[in-house]
Protein chains: 4
Amino acid sequence: MRSTHERAGRVRSKRLPREVRERQILDAAVEVFSQRGYHAASMDEISEVADISKPMVYAYLGSKEDLFAACIRREATKLMEAIADGVAEAGNSPDEQLWRGLRAFFGFVGEFRDSWRVLHRQASAQGGPFAQELGDMRKRAISLVAALLINTAQDEGVGAAATGQTDALAAALVGASESLADWWLDHPEESAGAVAARLMNLVWMGFGNLVDGHTWQPPKGS
Amino acid sequence: MRSTHERAGRVRSKRLPREVRERQILDAAVEVFSQRGYHAASMDEISEVADISKPMVYAYLGSKEDLFAACIRREATKLMEAIADGVAEAGNSPDEQLWRGLRAFFGFVGEFRDSWRVLHRQASAQGGPFAQELGDMRKRAISLVAALLINTAQDEGVGAAATGQTDALAAALVGASESLADWWLDHPEESAGAVAARLMNLVWMGFGNLVDGHTWQPPKGS
Amino acid sequence: MRSTHERAGRVRSKRLPREVRERQILDAAVEVFSQRGYHAASMDEISEVADISKPMVYAYLGSKEDLFAACIRREATKLMEAIADGVAEAGNSPDEQLWRGLRAFFGFVGEFRDSWRVLHRQASAQGGPFAQELGDMRKRAISLVAALLINTAQDEGVGAAATGQTDALAAALVGASESLADWWLDHPEESAGAVAARLMNLVWMGFGNLVDGHTWQPPKGS
Amino acid sequence: MRSTHERAGRVRSKRLPREVRERQILDAAVEVFSQRGYHAASMDEISEVADISKPMVYAYLGSKEDLFAACIRREATKLMEAIADGVAEAGNSPDEQLWRGLRAFFGFVGEFRDSWRVLHRQASAQGGPFAQELGDMRKRAISLVAALLINTAQDEGVGAAATGQTDALAAALVGASESLADWWLDHPEESAGAVAARLMNLVWMGFGNLVDGHTWQPPKGS
DNA sequence: GATGAATGAGTATTCATTCAT
DNA sequence: TATGAATGAATACTCATTCAT
């Protein structure tokens with residue numbers, strides 16, 4: 001009779017204020033959506049993991065669709081803030097800003113694997129409004145990167161011709177980061193820093209240089 | 001899609017050989033899985049699209065899980081063959097082989113969007129056996145690319161230090177390709193060739209060179 | 001109506017005496033039951049409309065069933081009082097008393113459509129105790145009418161033969177009134193007076209003949 | 001564990017053709033809707049009474065709403081046909097046609113109490129599309145009666161003045177019939193013929209005077 | 001007295017899967 | 001071979017009702 005997921009013996013804490021409950025529920029939802037996928041996740045399991053009854057889930061966060069959207073929004077915001085914080089810690093060098101941003105990104109993915117899985121895999125597997133929600137975040141990320149690239153180019157005195165491509169390049173870099181993060185999920189033996197460095201090397205130097213033995217080195221102390 | 005209680009009459013062609021039936025079913029399954037996702041896809045809709053009765057679907061290809069796995073296997077094989085064909089068309093230059101492989105890959109994605117969606121988005125959104133099936137294909141792809149990179153390095157007389165990284169670089173390149181293909185799904189305005197060239201440029205030259213105004217040019221006649 | 005997970009803030013007036021609260025609740029309940037029907041009405045909506053918290057509804061008026069019964073009782077009483085008042089305003093003429101009673105009835109229905117809807121449509125759609133509650137009211141109404149008819153007959157010197165039917169006739173008249181009121185709900189273009197006059201015309205002229213001893217006979221063989 | 005409504009020990013007949021199943025389901029639905037009301041009726045109980053599994057109910061007749069509408073349509077059609085048959089059996093006399101129609105109506109109500117309960121009580125308690133479905137049937141009934149009344153009036157040489165009211169009178173007669181039928185549901189001791197005769201007496205004598213140009217006038221000052 | 005927080009027990013609906021023909 | 005008919009088992013969502021404060 002008892003469901004497999006029930007935390008047996010755990011006493012439910014009662015009468016918590018709304019805010020706390022909402023956080024609990026979102027945490028649980030991210031965990032379950034990440035592991036099962038949107039459709040396979042059941043509201044039953046989410047409520048069990050959140051250690052609360054189903055009606056409260058509905059009362060606080062609405063339908064399954066609403067809940068999923070809320071997860072995406074919250075996680076996307078957390079991720080973007082983490083990256084922005086990383087960039088802010090760097091000095092004025094665009095090169096270093098990029099590096100810090102990447103570090104922060106992979107740091108986030110490493111720390112909150114479920115969040116990233118929900119954001120990247122689940123949200124894009126479901127089409128429609130969810131993918132769009134994500135698309136917005138991606139656009140903000142791309143803009144951020146594009147700005148860095150433009151600064152770099154200006155520092156090096158490169159003209160308009162090259163800068164015309166910055167948006168596309170930024171999109172490619174963002175895509176490459178996402179992809180590498182995705183790959184990392186299934187190969188967790190490397191550290192966040194190593195993965196970030198690998199990407200930096202790859203895209204910054206290019207294969208052409210790498211096979212020539214030239215590599216990019218992370219600045220000291222990061 | 002059409003609910004059963006509104007009756008529709010369609011005449012079905014009968015007594016087709018097993019092979020043909022299987023192809024029909026797999027085609028339908030790829031289409032439906034790609035558009036709805038694994039869970040949201042219903043065996044009912046698949047059998048309708050395949051223009052065959054549900055029990056036949058089960059007779060020929062087993063459970064829903066089996067069917068999905070069969071889709072992945074078939075599409076993955078098709079994709080790998082397309083890439084191998086592309087590479088084979090190139091001469092001995094590893095540089096050109098890489099380019100042809102990329103072209104073939106993006107050509108495939110452009111031509112069989114549903115196939116790619118199933119392979120990349122749906123298969124990885126469902127965990128477990130499906131992702132593994134994909135993982136195998138990816139490994140084969142990575143090996144292929146790694147071999148090319150090693151050849152390149154040897155051509156240029158680069159030593160073991162650099163080649164030690166080839167596997168990781170190959171993985172990164174494969175990942176970047178997947179990611180770019182994924183992005184392309186949602187931005188279909190570019191041609192396959194243009195997307196491939198963009199990637200080649202990016203990873204071969206590196207951002208560092210690109211912002212300096214150096215670009216890689218596809219060889220003539222491709 | 002507004003789901004709980006979108007928060008709304010409303011200031012509630014506090015500490016009202018019990019009577020006032022009960023009236024508020026009953027008013028809200030009649031409105032909601034009338035519009036949604038017994039089952040589709042939710043205690044949540046009722047408490048919202050009553051501008052009071054749900055536990056208070058339970059504290060004051062008990063379960064949903066109790067609340068519905070209370071509605072019926074209150075509205076039935078109001079209706080019967082309205083009719084009695086109407087009849088009392090007339091002189092001794094039974095003819096005029098009937099007319100005033102009908103006017104009062106249709107006046108009530110016109111003024112309190114929700115009340116009538118709850119009484120007539122909802123209460124009888126739910127079987128069991130509710131219908132019985134109504135049945136009692138109906139019996140009182142029928143007795144009232146029957147008394148009028150007997151007086152009429154006596155005034156006109158009609159014998160026992162005709163009076164034997166008075167109860168049935170009264171029931172028919174009451175039924176016809178209810179039915180016409182029901183019809184009127186959906187055709188509100190006429191005035192209460194006009195509807196009452198129409199009914200009076202229809203049945204009174206029929207009664208007129210009946211009490212004169214004229215009856216219509218079914219053709220042989222049916 | 002076993003539901004109260006289960007017919008224990010009954011062996012389910014299997015593999016019946018669609019038509020038969022649909023009839024079974026509709027019969028069960030009318031029975032359950034009539035006894036419980038639309039909302040309180042559960043698809044579970046309906047499928048049990050129909051002696052079939054729930055998915056078949058959905059497969060054949062759609063959602064609960066669809067099913068209810070189908071019940072109303074089928075029963076309304078049956079009723080109208082019964083009345084039309086009754087009228088057709090009469091000769092040319094409108095008087096007799098009316099009588100036969102009434103007899104047929106009450107005969108139907110007596111024989112198919114559940115049908116009538118669904119049509120009259122449940123359908124009108126739920127607003128919206130259901131009530132409208134019923135409204136259509138009522139309009140057809142009213143037209144039928146109005147035609148009879150016009151014929152009567154013409155037979156007796158009554159002018160346009162009186163006939164101008166036929167529609168309203170017809171509506172009143174239909175309403176009175178419905179109402180009496182409703183009353184009869186709760187007082188089943190009388191025969192269908194007796195109830196029909198009572199109504200005929202009541203309203204016909206009233207009508208008789210009306211078509212002769214006699215009308216009852218409300219007293220002054222009200 | 002008054003309420004936000006909480007839940008057990010349903011209800012409609014769908015789906016993968018399998019018989020009987 | 002081929003299919004219409006059939007179902008067990010799940011799932012999203014709701015509601016009357018009650019604590020704890």
Side-chain angles (χ1 to χ4, degrees), chain A residues 3 12-18 20-21 39-47 51-60 62-67, chain B residues 3-4 7 12-18 21 39-47 52-60 62-67, chain C residues 3-4 7 12-18 21 39-47 52-60 62-67, chain D residues 3 12-18 20-21 39-47 51-60 62-67:
Chain A
S3 143
R12 257 183 205 172
S13 38
K14 302 214 164 185
R15 305 283 143 180
L16 296 185
R18 181 177 185 126
V20 179
R21 284 294 193 211
H39 270 99
S42 85
M43 295 299 269
D44 262 306
E45 186 178 355
I46 290 173
S47 74
D51 197 33
I52 204 180
S53 74
K54 234 187 324 173
M56 291 311 290
V57 176
Y58 282 90
Y60 283 154
S63 71
K64 190 181 185 182
E65 218 170 303
D66 292 344
L67 177 56
Chain B
S3 93
T4 314
R7 298 194 228 173
R12 267 177 197 160
S13 36
K14 302 206 165 186
R15 305 271 156 187
L16 296 185
R18 179 172 190 117
R21 283 289 194 215
H39 270 98
S42 83
M43 296 298 270
D44 260 304
E45 188 178 355
I46 291 173
S47 75
I52 202 179
S53 76
K54 246 190 311 178
M56 281 294 96
V57 175
Y58 281 89
Y60 279 135
S63 73
K64 191 182 184 183
E65 221 170 300
D66 293 343
L67 177 56
Chain C
S3 93
T4 313
R7 300 193 227 175
R12 266 175 197 163
S13 36
K14 302 209 165 185
R15 306 271 156 185
L16 295 185
R18 179 172 189 117
R21 283 287 195 215
H39 270 97
S42 83
M43 296 298 271
D44 260 304
E45 188 178 355
I46 291 173
S47 74
I52 202 179
S53 75
K54 244 188 315 176
M56 283 293 98
V57 176
Y58 281 89
Y60 279 137
S63 73
K64 190 182 187 184
E65 219 169 303
D66 293 343
L67 177 56
Chain D
S3 143
R12 260 185 202 169
S13 35
K14 302 214 163 184
R15 307 281 143 180
L16 296 185
R18 181 175 186 129
V20 179
R21 284 293 192 211
H39 271 98
S42 84
M43 295 299 269
D44 262 306
E45 186 178 355
I46 291 173
S47 73
D51 197 33
I52 203 178
S53 74
K54 238 189 318 174
M56 290 311 288
V57 176
Y58 282 89
Y60 283 156
S63 72
K64 191 181 184 182
E65 217 170 303
D66 291 343
L67 177 56

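A quick note: this is a predicted structure, and the numbers were derived from the prediction, not measured. Chain letters run A, B, ... following the sequence lines, proteins first and then strands; every chain starts at 1.
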Exercise. Pairs counted as Watson-Crick or G-U wobble with both distances under 3.5 Å: what dot-bracket string results for DNA chain E, using | for bases tied to another strand?
Worked result: .||||||||||||||||||||

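- Within the nucleic acid shown, D/M56 comes within 4.0 Å of at least one base atom, counting heavy atoms only.
- DNA chain E is contacted by both B/A40 and A/P17; A/P17 maps to the nucleotide lying nearer its 5′ end (nearest heavy atom per residue).
- Among residues two or more places apart in sequence or in another chain, the salt bridge (charged side-chain N to carboxylate O under 4.0 Å, His left out) test is passed with C/D66 by none.
- The salt bridge (charged side-chain N to carboxylate O under 4.0 Å, His left out) test applied to A/K54 returns A/D44, not counting sequence neighbours.
- Taking side-chain N and O atoms only, A/R21 has a distance below 4.0 Å to OP1 or OP2 of E/dA6.
- Remark: C1' of E/dA12 and CG of D/D66 are 12 Å apart, rounded to the nearest angstrom.
- Nearer the 5' end of DNA chain F, as judged by each residue's closest nucleotide, is the contact made by D/P55, out of D/P55 and A/D44.
- Judged as a side chain to side chain contact (heavy atoms under 4.5 Å, CB included), and not counting sequence neighbours, the contacts of C/M56 are C/I52, C/S53, C/A59, C/Y60.
- Rounding to whole angstrom units, OH of residue A/Y58 and P of E/dG4 are separated by 23 Å.
- Where B/E65 and D/A41 meet DNA chain E, the nucleotide closest to each residue was compared, and D/A41 sits on the side nearer the 5' end.
- Not a single donor-acceptor contact under 3.5 angstrom links the side-chain atoms of C/K64 to the base of F/dT17.
- Atom-to-atom, CD1 of B/I52 to C1' of F/dG4 comes out at 15 Å; the value is rounded to the nearest Å.
- Remark: A/Y60 is in phosphate contact with E/dA6, judged by side-chain N or O atoms under 4.0 Å from OP1 or OP2.
- The base of F/dT3 does not come close enough to the side chain of B/K54 for any donor and acceptor atom to sit less than 3.5 Å apart.
- Closest to the C/S53 side chain, of the nucleotides F/dT7, E/dA2, F/dT17, is E/dA2.
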